[in-house]
Amino acid sequence: QVQLVESGGGLVQPGGSLRLSCVASGFSLGSYAMSWYRQAPGKERELVAAITSAGGSTNYADSVKGRFTISRDNAKNTVYLQMNSLTPEDTAVYYCKAARVRRTAYWGQGTQVTVSS
């Protein structure tokens with residue numbers, strides 16, 4: 001079964017850090033561009049970070065640039081999102097996406113991140 005499973009979310013204080021993981025099963029991530037999206041209540045889903053299949057290029061939303069880092073370990077079939085200096089505006093469900101040209105993308109089910117005092 002093709003599946004992406006996110007983990008690492010939870011409750012964190014403002015200024016704290018979390019590292020999210022996304023593990024693929026049923027396919028190999030090595031040929032896919034990977035990205036993280038998030039969706040807060042009442043808001044549209046937005047792109048947070050993306051990384052090319054080989055990990056040579058990354059892209060970040062302006063709101064997270066300098067605070068978040070996307071990385072991947074193709075041997076472990078895993079992509080990560082390191083989140084530092086978190087604020088309440090980062091509260092959302094975070095989703096992992098695997099994309100390849102000419103193919104329908106795969107999505108995970110999401111992991112909740114809550115930043116609150």
Side-chain angles (χ1 to χ4, degrees):
Q1 183 180 358
V2 172
Q3 193 171 30
L4 291 170
V5 179
E6 302 96 335
S7 63
L11 176 64
V12 64
Q13 297 273 352
S17 298
L18 286 173
R19 190 173 86 156
L20 306 183
S21 298
C22 174
V23 180
S25 60
F27 73 106
S28 296
L29 288 182
S31 297
Y32 289 78
M34 301 298 299
S35 56
W36 288 94
Y37 287 73
R38 67 186 181 188
Q39 187 165 26
K43 294 186 176 181
E44 297 289 328
R45 186 173 297 188
E46 64 173 340
L47 176 66
V48 176
I51 187 167
T52 54
S53 59
S57 182
T58 57
N59 153 247
Y60 298 93
D62 288 342
S63 60
V64 308
K65 203 168 294 182
R67 299 188 298 120
F68 290 12
T69 303
I70 187 171
S71 62
R72 67 192 298 157
D73 187 338
N74 289 340
K76 295 181 178 179
N77 231 24
T78 301
V79 63
Y80 305 94
L81 185 67
Q82 178 67 47
M83 306 187 295
N84 299 326
S85 302
L86 287 161
T87 77
E89 295 300 312
D90 297 315
T91 295
V93 177
Y94 284 72
Y95 298 91
C96 178
K97 177 186 176 183
R100 185 174 172 85
V101 173
R102 302 177 188 176
R103 288 177 174 265
T104 301
Y106 299 130
W107 289 86
Q109 292 187 321
T111 185
Q112 176 71 48
V113 172
T114 302
V115 185
S116 177
S117 59

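Count residues from 1 along the sequence.
Between the T52 side chain and the S57 main chain, a donor and an acceptor come within less than 3.5 Å of each other. No side-chain donor-acceptor contact under 3.5 Å links R38 to the backbone of V113. Proximity of a side-chain donor or acceptor of R72 to a complementary backbone N or O of G55 within less than 3.5 Å is not detected. Within the 3.5 Å criterion, the main-chain N or O of Y94 finds no donor-acceptor partner in the side chain of T111. Side chain of S28 to main chain of G30: no donor-acceptor pair is present (N/O by atom type, distance under 3.5 Å, no hydrogens or angles). Without hydrogens or angle criteria, Q82 side chain to R19 main chain gives no donor-acceptor distance under 3.5 Å.
Across every non-hydrogen atom of A24 and L4, the tightest pair is CB-CD2, 3.6 Å. Taking all atoms of both residues into account, the shortest heavy-atom contact from R67 to D90 is NH1-OD2, 2.8 Å. Heavy atoms only, all atoms of each residue included: L29 and A98 are closest at CD2-CB, 4.2 Å. Of all heavy-atom pairs between Q112 and V93, the closest is OE1-CG2, 3.3 Å. Here the closest heavy-atom approach between residue S71 and residue V79 is recorded as O-CG2, 3.0 Å. Taking all atoms of both residues into account, the shortest heavy-atom contact from Y60 to K65 is O-CE, 3.5 Å.
With rounding to the nearest 0.5 Å, the separation of SG in C96 from OH in Y80 is 11.5 Å. Annotation: the span from K43 atom NZ to T91 atom OG1 amounts to 9.5 Å, rounded to 0.5 Å. Summarising the geometry, atom SG belonging to C22 is positioned 4.5 Å from atom CE belonging to M34; distances are rounded to the nearest 0.5 Å.
Within 6.0 Å of atom CD in Q3, more than 12 heavy atoms from other residues, nucleotides or ligands are found, so the atom counts as buried in its surroundings.
Here the side chains of S17 and N84 are in contact, with some heavy-atom distance below 4.5 Å.
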As a quick check of understanding, evaluate side-chain contact (heavy atoms from CB on, under 4.5 Å) for L20 and M83, giving each step before the final call. CA-CA 8 Å; L20 306 183; M83 306 187 295; 3.8 Å; yes
Check the pair S116, L11 against side-chain contact (heavy atoms from CB on, under 4.5 Å), reporting the backbone distance first and the verdict last. CA-CA 7 Å; S116 177; L11 176 64; 4.2 Å; yes
Test side-chain contact (heavy atoms from CB on, under 4.5 Å) on Y95 and Q39; report intermediate values, then the result. CA-CA 8 Å; Y95 298 91; Q39 187 165 26; 4.2 Å; yes
Output, in order, the C-alpha distance, side-chain angles, deciding distance and verdict of side-chain contact (heavy atoms from CB on, under 4.5 Å) for V5 and S25. CA-CA 8 Å; V5 179; S25 60; 5.6 Å; no
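The aromatic rings of Y32 and F27 lie perpendicular to each other, with more than 60° between the two planes, well past the 30° mark.
When the options Y106, W107, W36 are evaluated for a side chain to side chain contact (heavy atoms under 4.5 Å, CB included) with K97, the one that passes is W107.
No continuous path of hydrophobic side-chain contacts links I70 to V23 [ILVMFWY only; heavy atoms under 4.5 Å]. Using a 4.5 Å cut-off between side-chain heavy atoms of Ile, Leu, Val, Met, Phe, Trp and Tyr, with links allowed through other members, Y37 and V64 fall into different hydrophobic clusters.
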